[in-house]
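Below is one structure, written out as structure tokens; the observations come after it.
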Amino acid sequence: MVFLGDCVDGGPDVKGVLDRLIEIQNPCRAVFLRGNHDQVMLDARAGRVSMEVWEGMAGEEGLRSYGAGGACRPLRRSARSEEHTSELQ
């Protein structure tokens, strides 16, 4: 299976999408091509762009799928977001 990137493109359940892709990867051979939204998520986590840039691309609703609080805080601190960003790299 080949996934064509932008898996974190502003939908309401960014976390759920990435959880599902990780699940698919285990029983199947999967190739994930990184899209520009996926790259900005990685760049924001690494401090190469501001979290506000990522927030502008992903939207408040998608970021909220990582937990309560300010939009960017859950993405920075969540253990699950650590797994997600390592999968996107």
Side-chain angles (χ1 to χ4, degrees):
M1 299 177 92
V2 177
F3 295 89
L4 299 177
D6 286 339
C7 300
V8 296
D9 189 7
D13 192 13
V14 169
K15 179 184 172 297
V17 167
L18 293 176
D19 284 343
R20 182 68 181 130
L21 292 176
I22 290 168
E23 289 172 16
I24 289 170
Q25 177 179 307
N26 292 329
C28 301
R29 182 166 184 236
V31 175
F32 300 97
L33 302 178
R34 190 180 315 148
N36 64 320
H37 289 84
D38 308 324
Q39 184 62 53
V40 170
M41 178 183 180
L42 295 173
D43 289 345
R45 287 291 311 261
R48 292 186 291 268
V49 299
S50 73
M51 292 301 283
E52 288 74 23
V53 171
W54 163 237
E55 183 177 354
M57 290 182 83
E60 181 96 13
E61 191 176 61
L63 290 169
R64 210 175 295 132
S65 70
Y66 279 94
C72 295
R73 276 181 267 146
L75 184 62
R76 282 191 184 124
R77 298 185 183 147
S78 163
R80 190 64 175 158
S81 69
E82 290 290 332
E83 181 179 0
H84 290 168
T85 54
S86 69
E87 290 294 328
L88 288 171
Q89 291 180 337

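Residues Ser50 and Ala44 approach most closely at O-CB, 4.2 Å, considering heavy atoms. Nearest heavy-atom pair across Phe3 and Leu21 is CE2-CD2, 3.5 Å. Closest of all the heavy-atom pairs between Asp6 and Asp38 is N-OD2, 2.7 Å.
Val14 and Ile24 fall within the same hydrophobic cluster, defined by Ile, Leu, Val, Met, Phe, Trp and Tyr side-chain heavy atoms under 4.5 Å apart, directly or through other members. No continuous path of hydrophobic side-chain contacts links Leu4 to Leu42 [ILVMFWY only; heavy atoms under 4.5 Å].
We find the CZ-SG distance between Arg20 and Cys7 to be 13.0 Å, quoted to the nearest 0.5 Å.
Shown are Leu18, Asp19, Val17; of these, the side-chain contact (heavy atoms from CB on, under 4.5 Å) with Lys15 is made only by Asp19.
The side-chain heavy atoms of Arg34 and Met41, taken from C-beta on, include no pair separated by under 4.5 Å.
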